[in-house]
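A note on names: the letters A, B, ... follow the listed sequences, proteins ahead of strands, and every chain is numbered from 1.
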Protein chains: 2
Amino acid sequence: MRATIQRQIIMDTLARLHQHATAEEVYQAIHAQHPTISKATVYRNLQAFAQQGDLVSLQIEGDATRYDHRLALHYHFVCKQCDAIFDVDITPVEHINQNVQEQYGFEVDTHEIVFRGICPACAANQNKHSNT
Amino acid sequence: MRATIQRQIIMDTLARLHQHATAEEVYQAIHAQHPTISKATVYRNLQAFAQQGDLVSLQIEGDATRYDHRLALHYHFVCKQCDAIFDVDITPVEHINQNVQEQYGFEVDTHEIVFRGICPACAANQNKHSNT
DNA sequence: ATTCATGCAAACAATTTGCACGATC
DNA sequence: GATCGTGCAAATTGTTTGCATGAAT
């Protein structure tokens, strides 16, 4: 993999952007500063980085693929109301990889966990509206 | 929600089909028997069912949304090689919902876990090919 | 010099939507 | 009979691809 300016910029931008950005968001942010960098390059490279493990791709919402530059094992929480995605840093339950491996014979490399529910902000809003 | 023949057929078909079918697959299966049922109806209703909790939607692979009619809490394993999706029935780790709730203040309803690795069939293949 | 990456625009795939008509309550 | 659901085709959205040119090794 060659070291191109584009790749550098893409990585920098994702890190600078709020986490869990979509390819489109990364492209827009880049485009503002570097109008010549194409969308195809952004898509291609985010994907390539993810494949190499330099980035993690997430398909948690219904919409677009999101990219996360935090490589350390962590989980995610998605608010059913506002669709916001939050990082969840609880103690990893790595032992379950082992469980699955033993029970099914799969070679388990990784696991991802997505929690769903209501975030504090939305919970507060609901209460406010239901007060009569 | 009204009881239409289409909805009945969609539910029946998903149950009959191998699990984790895409909307397109459900549509194709239905179309063979009932050519007048439209793709839009299949998409609309799978989505509606998922929203009501009569079905679970999965965004695990890069491609299309998949639907699962098994409502009991279970997890999934995706083979990195062949992209097949397997059900994983290990003891649910429900207590982690509690952990996240306490640590972050989220109201946690559910969690999903996706394991990734190599399935036995693909593992066997790799060994075969690397034997020299 | 060779090989790989980029930019552009066109192609694709999955999904959604507007609207007139038909079915369910 | 009023309302909600369906079918159709067209519109969107997210993403990928072919190809000629430019950049990195």
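Panel note: side chain A:Y104, backbone B:D89; a donor-acceptor pair is recorded below 3.5 Å. Without hydrogens or angle criteria, A:E25 side chain to A:T22 main chain gives a donor-acceptor distance under 3.5 Å.
Rounding to whole angstrom units, OH of residue B:Y67 and P of C:dT15 are separated by 7 Å. Between the OH atom of B:Y27 and the P atom of C:dT16 there is a distance of 16 Å, given to the nearest Å. Rounded to whole Å, the distance from NZ on A:K39 to C1' on D:dG14 is 9 Å. In this structure, B:I5 places its CD1 atom 8 Å from P of D:dG7, rounding to the nearest Å. If you take CD1 of A:I9 and P of D:dA23, they are 14 Å apart, rounded to a whole angstrom. When the C1' atom of C:dA5 is taken as reference, atom CG of A:L46 falls 15 Å away, rounded to whole Å. At whole-Å resolution of the value, CD in B:Q8 and C1' in D:dG5 are 15 Å apart. One can place CE of A:M11 at 15 Å from P of C:dA5, the figure rounded to the nearest angstrom.
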Test side chain to side chain contact (heavy atoms under 4.5 Å, CB included) on A:V108 and B:R116 and set out the steps.
CA-CA 6 Å; A:V108 182; B:R116 289 180 197 277; over 6 Å; no
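Taking the six-membered ring for Trp, B:H74 and B:F86 have ring centres at least 6.0 Å apart.
Dashed line: the shortest gap from a side-chain N or O of B:Y43 to OP1 or OP2 of C:dT15 is under 4.0 Å. Side-chain N/O atoms of A:S38 include none lying less than 4.0 angstrom from OP1 or OP2 on C:dC8. For B:T4 and D:dG5, the shortest distance from a side-chain N or O to OP1 or OP2 is not below 4.0 Å. Distances shorter than 4.0 Å separate none of the side-chain N or O atoms of A:R7 from OP1 or OP2 on D:dA24.
Taking the side chain of A:R44 as heavy atoms from C-beta on, and the options D:dA24, D:dT6, D:dG18, the nearest nucleotide is D:dG18. Listed nucleotides C:dT6, D:dT6, C:dA14 differ in distance to B:Q6; the shortest reach to its side chain belongs to D:dT6. Counting only heavy atoms from C-beta on, A:A64 has its side chain closest to D:dG14 among C:dG7, D:dT25, D:dG14.
Counting non-hydrogen atoms under 4.0 angstrom, A:T22 reaches nothing in the nucleic acid. If you check every strand for non-hydrogen atoms under 4.0 Å, B:Q47 touches sugar and phosphate atoms only. As judged by a 4.0 angstrom heavy-atom cut-off over every strand, A:D63 is placed among residues making no nucleic acid contact.
Two residues, A:T65 and B:R2, neighbour DNA chain D, and the one matched to the more 5' nucleotide by heavy-atom proximity is B:R2. Residues B:A3 and A:M1 both approach DNA chain C. Their nearest nucleotides, taken by heavy-atom distance, put A:M1 toward the 5′ side.
Nearest heavy-atom pair across A:I60 and B:Q59 is O-CG, 4.3 Å.
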